[in-house]
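The structure under discussion appears below in the form of structure tokens.
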Amino acid sequence: MLGTLREEIKNIYKKDPACNSILEIFFCYPGFHAITVHRFLHKLWIKDLGLLNFTRPYLKLFVRIFAHITKILTGIEIHPAAKIGKAFFIDHGAGVVIGETTIVGDNVTIYQGVTLGGVSTKKEKRHPTLGSNIVIGAGAKVLGNINIGDYVQIGANSVVIKDIPAYSTVVGIPGRIVKMNGELKDTIENLEHNNTPDFIGATLQAMSEKIETLENEINLLKDLLKTSQGKEESIINNQ
């Protein structure tokens, strides 16, 4: 457990330039508090730790209550059953929700307002499975029993509802893949979720240019029509 805590602290130091000291992490980082408590609660959830089997229902109730208290204190809701890998960093953290059957790989960073949620009410695998080395921007939603590959960037406020292959960048509602494979391999060590193409802006720009072209053509046709009408009136007057 201590080794895991050291890894979490090193990971925060590496990823957050605003971090100044270990004490600051211990006292001022709700993401660190939430994931540290979750790792302990997850062990209780999946194993009785020497307790008698008949106490298990009560143990699960205790774990859920403690997880709820952690949510109130940190603003981060993580179900105790969720499986989360090493070097998991929640930056700021307010409004983050991670559902029961979520599986998260190693070296994943998520920002405030992210939801790893479900779309089913059945007792089944209904939350996403994330690979390793992933960045999810603020406000993004990853919903359903879908798979997100390694080295994926998900832009802020995106809504992802389908599988995403490795080495992809996803933006928009619903999420669309705008980069794949080799285009991301050079940025593996510095996945920047803000450096994502603005395909909506590009689409609007293309539409604006098309409208301008059509307006010019309409104006040209109007001028030709006026010229034609003028010639007809001139011929009629001459007769």
Side-chain angles (χ1 to χ4, degrees), residues 30-31 33-47 56-57 59-166 168-177 191 193 196:
H33 302 153
I35 191 59
T36 300
V37 173
H38 170 75
R39 295 198 188 285
F40 174 71
L41 295 181
H42 182 68
K43 289 183 180 296
L44 290 177
W45 187 269
I46 62 175
K47 189 176 181 181
R56 189 171 181 83
L59 177 63
K60 282 199 170 185
L61 175 60
F62 164 77
V63 171
R64 287 303 304 271
I65 291 172
F66 210 98
H68 183 65
I69 293 171
T70 305
K71 170 193 171 184
I72 294 172
L73 295 176
T74 64
I76 299 169
E77 180 177 351
I78 308 176
H79 194 284
K83 300 176 182 179
I84 299 177
K86 300 177 182 178
F88 182 65
F89 180 36
I90 305 174
D91 197 1
H92 298 292
V96 166
V97 177
I98 300 176
E100 176 189 12
T101 60
T102 301
I103 300 174
V104 179
D106 299 333
N107 191 33
V108 173
T109 298
I110 66 177
Y111 289 78
Q112 66 273 17
V114 167
T115 297
L116 305 180
V119 294
S120 171
T121 57
K122 297 179 181 179
K123 196 73 175 176
E124 59 186 10
K125 177 72 169 73
R126 61 191 186 280
H127 297 93
T129 297
L130 277 62
S132 299
N133 304 297
I134 292 172
V135 176
I136 305 180
K141 315 300 177 188
V142 184
L143 305 175
N145 182 20
I146 60 176
N147 293 295
I148 309 299
D150 297 340
Y151 297 104
V152 166
Q153 300 178 83
I154 299 176
N157 292 318
S158 299
V159 178
V160 182
I161 54 176
K162 294 182 179 179
D163 292 351
I164 303 298
S168 299
T169 296
V170 181
V171 297
I173 304 174
R176 301 183 187 181
I177 298 173
L191 294 178
H193 71 280
T196 53

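The first residue in the sequence is number 1, and the count goes up from there.
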Nearest-0.5 Å distance that lies between atom CG in Asn133 and atom CG in Asp106: 8.0 Å

Compare all side-chain heavy atoms of Ile154 with those of Val135 and state whether any distance is below 4.5 angstrom. no

Indicate yes or no: at least one non-hydrogen side-chain atom of Pro128 is less than 4.5 angstrom from one of Leu130. yes

To the closest 0.5 Å, what do you measure between OG (Ser120) and CG (Asn145)? 9.0 Å

Which atom of Gly155 lies closest to which atom of Ser158, heavy atoms considered: O-OG, 2.9 Å

Hey, are the side chains of Arg39 and His42 touching, using non-hydrogen atoms and a 4.5 Å cut-off? no

Please round to the nearest 0.5 Å and tell me the distance separating atom CD1 of Ile136 and atom NZ of Lys141. 11.0 Å

In sequence, state the C-alpha distance, the side-chain angles, and the governing distance for Ile134 and Ile148, and then conclude on side chain to side chain contact (heavy atoms under 4.5 Å, CB included). CA-CA 9 Å; Ile134 292 172; Ile148 309 299; 3.9 Å; yes

Pick from Val108, Val104, Thr129: which one makes a side chain to side chain contact (heavy atoms under 4.5 Å, CB included) with Leu116? Val104

Check residues 79-90 and write down every donor-acceptor pair under 3.5 Å in which the side-chain atom is one partner and the other belongs to a residue at least two apart or another chain.
unit_1	atom_1	unit_2	atom_2	d
His79	ND1	Ala81	N	3.0
His79	NE2	Arg64	NH1	3.3

Nearest 0.5 Å, please: how far is CG in Asp150 from CD1 in Ile164? 13.5 Å

Could you tell me which residues satisfy side-chain contact (heavy atoms from CB on, under 4.5 Å) with His33, sequence neighbours excluded, listed by chain and number? Thr74

Please, which pairs that meet side chain to side chain donor-acceptor pair (under 3.5 Å) have at least one residue in residues 87-105, sequence neighbours excluded? Glu100-Arg126, Thr101-His127

In Å, rounded to the nearest 0.5 Å, how long is the span from CG of Asn147 to CD1 of Ile103? 8.5 Å

Check for a donor-acceptor pair, side chain of Ser168 on one end and backbone N or O of Ile177 on the other, with a separation under 3.5 Å. no

Using side-chain heavy atoms (C-beta onward) and a distance below 4.5 Å, is Val159 in contact with Pro174? no

What's the separation between atom CG in Leu41 and atom OG1 in Thr36, rounded to the nearest 0.5 Å? 11.0 Å

